[in-house]
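Have a look at the structure below before the remarks.
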Amino acid sequence: MEVFHLAHPLKESLYPREPHVMALGFFDGVHLGHQSLLKQTKRIAEKNKLKFTAMTFDPHPNEVIKWEKDLRYLTPLALKIERMAAFGVDKLFVIKFNLSLASLQPSDFIKQYVLGLQAKHIVVGFDFTFGNKAQGNVDYLQKVSKNNAFDVTVISKQAQNGEKISSTLIRKIVRDGDVHLVPYYMGHQLEVKGFVYISNRHKHEKKKKSEIHIENKYILPAPGVYRVEIKNGNKACQGLFIRYGSSKRNDEISGQIIEMLKGGVAEELTVKFLNKIPFGSMPEYSSNFKEVIK
């Protein structure tokens, strides 16, 4: 998959020279609703023998418009790119979201980011909005497409248990600690990447602790103990993740892979959250670590 990092205003030299079918959205989580949209985009592309492309934005518009600088993601950009590649996207356009782009009129967005990028067919969700103050919507797209050289397909609301599948809903599920529900909305477990560092708690203690530092801006579940799947290279095992949720104390992780790591060395891990383990109180977690994992 080719990845194009673009910023407004676009340079014509970067415009693709071949027509394609493009999915548009932010795609945080690449959840089941997004997957339905991407599958439809791929079907249309294959039927018309065109490239299958997608457009996403970075950072999230709320970071720019609403100054939500502490916003956390289900899939930070690097992981989102991985998911898009796995889905078979031929080209991914990553548009830098800034105030200049946010103030763009809907007609100018279409001119530059749809027609300018040679998209012959675009696929969006039913609630997709764009342009200055989100003035552009699917009705506007369908109206404008009648007089321009592109078609529009709108994907209807995707629901689970009567609720719309959305990144906002999934982030709430994660914050509440209900990680076992995530696969019903994302199609897979919540996954984060980070580095584990093995160190002694105090110089006078022989016991080691495994602190994990989650990179990027991943959203993490509520404080508690979680059963997880841990991957390090081609090795995998189940283990425990202690989430303290405090800036004064690093989260901890335990598992067979962790036990084999050398002290004083940072190792990259992928962690998938399976379920939360009911437990008494936070102070008990560390002392009962090995007992709980049996």
Side-chain angles (χ1 to χ4, degrees), residues 1-6 8 10 14-61 73-97 101 104 106 109-131 134 136-145 148-159 164-168 170 185-188:
M1 181 180 76
E2 293 182 272
V3 181
F4 298 86
H5 293 270
L6 307 174
H8 183 74
L10 292 180
L14 297 175
Y15 286 180
R17 300 302 177 187
E18 57 182 340
H20 54 97
V21 182
M22 182 167 67
L24 279 82
F26 190 77
F27 300 114
D28 186 30
V30 194
H31 57 58
L32 292 176
H34 297 146
Q35 291 172 36
S36 176
L37 191 155
L38 291 167
K39 286 176 183 177
Q40 182 62 18
T41 308
K42 189 174 185 178
R43 281 193 288 267
I44 296 170
E46 290 176 343
K47 181 179 179 180
N48 292 279
K49 297 181 179 180
L50 296 174
K51 291 287 186 181
F52 166 31
T53 69
M55 177 184 289
T56 188
F57 305 88
D58 183 67
H60 192 283
Y73 297 90
L74 296 164
T75 49
L77 183 59
L79 182 56
K80 188 194 299 186
I81 290 173
E82 285 183 26
R83 295 277 161 81
M84 289 292 188
F87 228 88
V89 173
D90 295 310
K91 295 182 179 181
L92 177 66
F93 301 105
V94 180
I95 312 299
K96 182 179 180 181
F97 196 92
L101 182 68
L104 202 62
F109 180 89
I110 290 173
K111 181 180 179 180
Q112 296 181 47
Y113 292 91
V114 177
L115 298 174
L117 291 179
Q118 303 295 315
K120 296 302 179 184
H121 197 129
I122 62 173
V123 184
V124 297
F126 74 101
D127 55 355
F128 178 71
T129 59
F130 62 99
N137 55 27
V138 296
D139 291 334
Y140 181 83
L141 278 174
Q142 291 173 323
K143 179 181 178 180
V144 172
S145 68
N148 288 279
F150 71 96
D151 294 316
V152 179
T153 293
V154 179
I155 304 300
S156 60
K157 180 175 72 173
Q158 307 294 302
K164 183 187 82 168
I165 298 174
S166 70
S167 303
T168 300
I170 300 170
Y185 298 89
M186 288 182 68
H188 51 77

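Values below: all heavy atoms of this structure, side chains included; hydrogens, waters and symmetry mates excluded. Values in this document were obtained by computation on a predicted structure and should not be read as measured data.
No donor-acceptor pair under 3.5 Å is formed between the side chain of Gln40 and the backbone N or O of Val124. For the pair Thr53 (side chain) and Val21 (backbone), a donor-acceptor distance under 3.5 Å is present. Listed for the Ser36 side chain is no donor-acceptor partner under 3.5 Å among the backbone atoms of Gly33. Listed for the Gln35 side chain is a donor-acceptor partner under 3.5 Å among the backbone atoms of Val30. Of the possible donor and acceptor atoms, one in the side chain of Asn137 sits under 3.5 Å from a partner among the backbone N and O of Asp139.
Interatomic distance, Lys111 NZ to Leu117 CG, rounded to the nearest 0.5 Å: 13.5 Å. In this structure, NZ in Lys96 is found 9.5 Å from CG in Asp58, a value given to the nearest 0.5 Å. Annotation: the span from Met22 atom CE to Met55 atom CE amounts to 4.0 Å, rounded to 0.5 Å. The CZ atom of Phe87 sits 12.5 Å away from atom CE of Met1, with the distance rounded to the nearest 0.5 Å. Note: Asn48 CG to Lys120 NZ = 12.0 Å, rounded to the nearest 0.5 Å.
Ile155 places a side-chain heavy atom less than 4.5 Å from the side chain of Thr153. In this structure, the side chains of Val94 and Val3 come closer than 4.5 Å at one or more pairs of heavy atoms. Counting heavy atoms from C-beta outward, Phe52 and Glu46 have side chains that stay 4.5 Å or more apart. Looking at heavy atoms from C-beta onward, Leu141 lies in side-chain contact with Ile110 at the 4.5 angstrom threshold. Between Gln158 and Leu32, every side-chain heavy-atom pair lies at or beyond the 4.5 Å cut-off. Side chains of Phe126 and Ser156 form no contact here, defined as non-hydrogen atoms less than 4.5 Å apart. No side-chain heavy atom of Leu37 sits under 4.5 Å from any side-chain heavy atom of His34. Tyr113 has its side chain out of reach of Leu24: every pair of non-hydrogen atoms, C-beta onward, lies at least 4.5 Å apart.
Ring geometry, His60 versus Tyr73: the interplanar angle falls from 30° to 60°, so the pair is classed tilted. By the 30° and 60° cut-offs, the orientation of the rings of Phe57 relative to Phe97 is perpendicular.
When Lys91, Gln118, Lys51 are each tested for a side chain to side chain donor-acceptor pair (under 3.5 Å) with Glu18, only one passes: Lys91.
Between Phe150 and Ala119, the closest heavy-atom pair is CB-O, 3.6 Å. Residues Leu104 and Gln112 come closest through the heavy atom pair CD1-NE2, 4.0 Å. Closest approach of Ala54 and Val89 over heavy atoms only: N-CG1, 3.9 Å. The two residues Leu38 and Ala23 come nearest to each other via the heavy atoms CD2-CB, 3.9 Å. The two atoms that bring Gly136 and Pro106 nearest to each other are N-CG, 3.6 Å, heavy atoms only.
Remark: aromatic rings of Phe93 and His20 are close, center separation under 6.0 Å.
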For a quick test of your reading: what N or O donor-acceptor pairs under 3.5 Å do the side chains of residues 75-84 make, sequence neighbours left out?
from, atom 1, to, atom 2, distance (Å)
Thr75, OG1, Asp28, OD1, 3.2
Thr75, OG1, Gly29, N, 2.7
Lys80, NZ, Phe26, O, 2.6
Lys80, NZ, Thr56, OG1, 2.9
Arg83, NH1, His188, NE2, 3.3
Arg83, NH2, Glu191, OE1, 3.4

Determine, step by step, whether Asp127 and Lys164 satisfy the side-chain contact (heavy atoms from CB on, under 4.5 Å) criterion, reporting the C-alpha distance in whole Å, the side-chain angles of both residues, the deciding distance to 0.1 Å, and the verdict.
CA-CA 11 Å; Asp127 55 355; Lys164 183 187 82 168; 2.9 Å; yes
